[in-house]
Every structure is written in C-alpha cells, then in structure tokens.
J.: 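Dumping the structure here so I can ask a few things about it.
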Amino acid sequence: MNKNERFVKKITLKSVDFSRWYVEIIQKAELADYAPVKGMMVIRPYGYAVWERIQRLVDERIKKTGHSNAYFPLLIPESFLQKEAEHLEGFAPEVAWVTYGGKEELEERLAIRPTSEAIIGTMYAKWIKSWRDLPLLINQWANVVRWEKVTRPFLRTTEFLWQEGHTAHESFEEAQDETLMILSLYKEFVENELAIPVISGKKSGREKFAGALETFAIEAMMSDGKSLQMGTSHNLGQQFSKVFNIRFEDRNQKLQYVWQTSWGVSTRLIGALVMTHGDDSGLKFPPNIAPVQVVIVPISAGNWKETVLPVARDIEKKLEKEGLRVKLDEREEFTPGWKFSEWEMRGVPLRVEIGPKDIEKKQVVVVRRDTGKKENVTQSSLNIKVPEILREIQKNMFEMALKFQQENTHEVKNYEEFKAIMDSKKGFIKAFWCEDQVCEEKIKEETMATIRVILLDQDKKAARGKCVFCQKPTETVVYFGRAY
RNA sequence: CGGGGCGUAGCGCAGUCUGGUUAGCGCACAGCGUUCGGGACGCUGGGGUCAGGGGUUCGAAUCCCCUCGCCCCGACCA
C-alpha cells in the first residue's frame, strides 16, 4: 500500500499507541468484546471462526501423530491439586474455587481447572497397568480458568480456550522425543499456517512450567518488538506419576512409574495473529487461517442488480468450487468504498471488485491486502489465478514477518550493548549465558528482559563464548526479550 | 496487588471547577429519496436509571463517602 494512503480511519495508529491500537482493532473487527466479568471476554463469531480454523489445523496434526481426543472434567478436588507440591505452588495464586453447590457448602472445595495434569494423572493411574497400555496419547480441547490480575483480550484472559495434550510413556527418552516432536509440530503449524516465524528452545528454570522437568516453547516477536509465548511442550518426567501413582509393569516384569508429557496452544494465538500481521488499517490474516479468504464487492452503480450482481454471484460459486472461503458483500446500504475499508480492517487477504466496466471487459479488479496492489484478472482465469495469489500472500506474509524478526534480533558481546539495545530498539537479543539464575535475575531487574528460550544443540552452531552478564565461559546460547 | 488516569446514548466527546429550563454535539442506528470504481448526501426519527450505591441540599451529571469497571506504568503469569 502507498505509505501516504490510509483508507481505514478512526482507529488509533499502531505506531502511536500499540496497545490501544490492539484493543480497538479487536473490537472494531468484531473478534471479541468485553464481558461483564472482569478479565473475561466474548469471542464473537468472526473471532471464533479464526479459532475454529486453528482448531481444525492443529487437530488434524495431533491426530496424524497418533493422539486421540477425550474430555476431562472442569472441576478438580483440592486434594488432587495438592498432590504435586511445586505444581500447586505455581498455580495457587490463580486458581478459582467452587465452594458451594446450590445452598450447601462443599466439604472439599473444587478447583476450576487452571490446567488438567491433576485430574488426568488420577485417571491415568486407573487406566495404565502394563507397558502394553503405553504410550497413552490423549489430547483435549477445553477451557481453563486462571485468576489473572492483568488481563488483555486473547493475550491473557481469566478464561481461555486451548488444547492440552497429556501423554504417558515407558521411558524418559520416549517422553523427551514426544515433547520435542510436539514442539516442532507447533513450530511447523504456526509458521506455515499462521505465517508467524518463531524461535524455539528450552525454558530456563524460572520460566518453566510448575512441576515439569523441562519446558520447551515457541516464541514469536510481535511487531512492537515484544516477545509472545505461542505454545509450550513439557517433559513432566516422573514427578506427576509418582504422586498420582501411575505405574506399569515393564517389559521385564518390573513395576515402574510412567514418564509423562503435556503441551498446549491457546486462543492467545489469535492475539499473536493480530499483533504480528496487523497494520494501521487493521487486521491482516494469512489466507490459510482467514475466515474469509476472498471478499467480492460489486460496484453498485446504475442497474447493477441486473448487470453486475449475477456475474458476481457466478464468480462466488466458481471460487467456492475451488474450496475457497468466499463472501459476496451485496449489501445495499453501504457504498463500495466503505466496504473496501471494512473488509480491509477485518483482514480479508484478497478483494475482488466487479463493476460495469469490468462486465464489459469480462474481467475483475483484484486487490491484495498484504501489498495493496491492484491487478486486472479475466473472469475466465479466476479459478486458477485467485488460489495462486492466495498462496503468494501466505508466503509473502511469512517472509515479511521473518524479515522483521531478523532485523530486530541483535547479537551482543557485552552487557553495555545489551542494555543499549533493550533501551532503544527492543526485539530479541541473542547472547551467551552461563546458566546461573543469578545472572538471569539481575538482567531482568535492570532491563526487564527475560530469557525467552535456550537454544537447543541442533539449532546452534558449536561455539564457545562468555556470559553476557558475568563473562564466565559457556556454550549456552539464549534469546532474551521483553515478554507479554 | 501498588502508582496514575478515566467512567455522560452503541462509539467519540462537551457540560462537572462555580448545583438550578426538557442533558447536548459528531459518528453510528431506523424510514424515505437521490447516490455508488477508496469510509456519499438530504429530510425525518428513535435511543440516556449521567458506571452503581449511599449522603449533603428546596434542587445533584455537577459537592462528599463507598463500591465496581476500563486504560497506562510497575510486581506475578499461557
């Protein structure tokens, strides 16, 4: 789009006030609205359609890798939650409790699940007897509640939707393979479907999941330079199996505790889509995830209902036949210009304009949301051309985001450079770290930056360096960033 | 949870300091007509427990107290 043109008006500019832009665009594009209870939101049909796309694309990947869906209950008895001490301590401040059933006070209060390890562990103990029952690979799509103090639509809400996978295995190695396989599944999904480039790796001790042996995560850089955790995959080791007594008889007839994993992505991904791709005109959805991929706007001039509309309807059918999600906007109460802006704001990747002039020439005008470029396309070639352009948009959006991420990732040698960059430019800082939590804490105190991920061996070139804070020699490379 | 800001029609605001006609404006909404290739225009109309509760007063959107919500900045977190 021409830099000086901005057709969508009445939204705060992204460059002026990022967080205001974020909440305004979510409401104006009708993704979500605030609910009467603090920290809770309504996901409106357009926003929920995005979630349904995410669900479908994640679900098919989870099933392809051997997992089945199930559903576990919302309420968890307090005593179950208490079994794993670190887990309880980690979640205690944000658990909501049910204390009454009707008018009667409950003997034991019930937690509204903040996550389901406790209830699922309890059930696994009943179901798993032998190595022949393993691996047990279950996923659930559910809502969870965490009593957060600071909330923002999609990024952190009191209730959110997610999928949580819970698996049990015979050995540490098998659990570790599962954990890392899911991590790369998430990465592939987010990059190919959401067009959001991510960094992936291990979480540091202070950032890991309460009760896990190790936590792995994918993180992405939002267009304000801050980092957002997009998905996590935990190797739970035997910490939960020991307290929930999930034992199996192994291949040598010895009784053993299972090795577990858990992993999830949430409605937060929708917030990431907004913050990664959105611009001053509003949302910008990658075609693979967009609820509407193509909007057809008839130019409603003269006797358009007799001339333009029938052709527009034919085009709609033709594109639908190609498996595309198409919307024909034939509302009479809005002008074409108004509709252009409206659908741009709602992030539709491609617009097809058709008016009297086009009818004459048997063509349409096609406009890309990612670049703003207009192009004349003959009506007869639309079924070939439109899917082709959508693929290009998908690719281009990922490349634009990747370019931004790379341009805002800085490698630093010493702490002075580190502070200078965090003060001015934000983004990621790639640096060596000695693995001492003290250095991590100090850096956080002084710069607000935390370790987003620790690079895995396979992702880093073998190298030695010095901890960016204390200068101790180390081989560990990490990404720092300010996080949401 | 601390510090700051803000709550008046769906949205954005004026009115509050200095209490006093029927609470006003723009956008949005409804009806009719003219328009329509980048947020059209005219006419007519509907919509308000002034965030909620309590108090002061002859009289409260306006003054006082309490509660709630939203936004921003910190501490805690998917």
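Labels below follow one simple rule: chain letters A, B, ... track the order of the sequence lines, proteins then strands, and each chain is numbered from 1.
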J.: Given that both distances must come in under 3.5 Å, which nucleotide forms a Watson-Crick or G-U wobble pair with B:U22?
T.: none
J.: For A:Glu392, enumerate each residue passing the salt bridge (Lys or Arg N to Asp or Glu O under 4.0 Å) test, keeping only those at least two apart in sequence or located in another chain.
T.: A:Arg368
J.: Is there a Watson-Crick or G-U wobble partner for B:U16 with both distances under 3.5 Å, and if so, which one is it?
T.: none
J.: What is the pairing partner of B:G38, taking Watson-Crick or G-U wobble pairs with both distances under 3.5 Å in any strand?
T.: none
J.: What donor-acceptor contacts under 3.5 angstrom involve side-chain atoms of residues 85-100 of chain A, with partners at least two apart or in another chain?
T.:
{"residue": "A:Glu86", "atom": "OE2", "partner": "A:Lys208", "partner atom": "NZ", "Å": "3.0"}
{"residue": "A:Glu86", "atom": "OE2", "partner": "A:Gly211", "partner atom": "N", "Å": "3.4"}
{"residue": "A:His87", "atom": "ND1", "partner": "A:Ala210", "partner atom": "O", "Å": "3.1"}

J.: Has the side chain of A:Thr335 got a donor or acceptor atom sitting under 3.5 Å from an opposite partner on the base of B:C36?
T.: no
J.: Could you tell me the Watson-Crick or G-U partner of B:C68, where both distances fall under 3.5 Å? Say none if there is no partner.
T.: B:G7
J.: Would you mind classifying the nucleic acid contact of A:Met448 as base, sugar-phosphate or nothing, using non-hydrogen atoms under 4.0 angstrom?
T.: sugar-phosphate
J.: May I ask which nucleotide in the shown strands pairs with B:A60, Watson-Crick or G-U wobble, both distances under 3.5 Å?
T.: none
J.: Distance criterion of 3.5 Å, no angle test: do you see the side chain of A:Lys339 paired donor-to-acceptor with the base of B:G37?
T.: no
J.: With sugar-phosphate meaning primed atoms plus P, OP1 and OP2, does A:Lys374 contact a base, only sugar-phosphate, or nothing at under 4.0 Å between heavy atoms?
T.: base
J.: In residues 177-192 of chain A, what residues come within less than 4.0 Å of RNA chain B, judged by heavy atoms?
T.: none
J.: Given that both distances must come in under 3.5 Å, which nucleotide forms a Watson-Crick or G-U wobble pair with B:A30?
T.: B:U44
J.: Would you mind classifying the nucleic acid contact of A:Arg351 as base, sugar-phosphate or nothing, using non-hydrogen atoms under 4.0 angstrom?
T.: base
J.: Run the ring-centre check on A:Trp338 versus A:Phe340 and record whether the distance is less than 6.0 Å.
T.: no
J.: Can you tell me the base-pairing partner of B:G74? Count Watson-Crick or G-U wobble geometry only, both distances below 3.5 Å, and say none if there is no partner.
T.: B:C1
J.: Of A:Glu332 and A:Lys149, whose nearest nucleotide on RNA chain B comes first from the 5' end?
T.: A:Lys149
J.: Tell me what A:Val265 touches on the nucleic acid: a base, only sugar-phosphate, or nothing, going by heavy atoms under 4.0 Å.
T.: nothing
J.: Nearest nucleotide by nearest heavy atom, which residue falls closer to the 5' end of RNA chain B, A:Arg268 or A:Val23?
T.: A:Val23
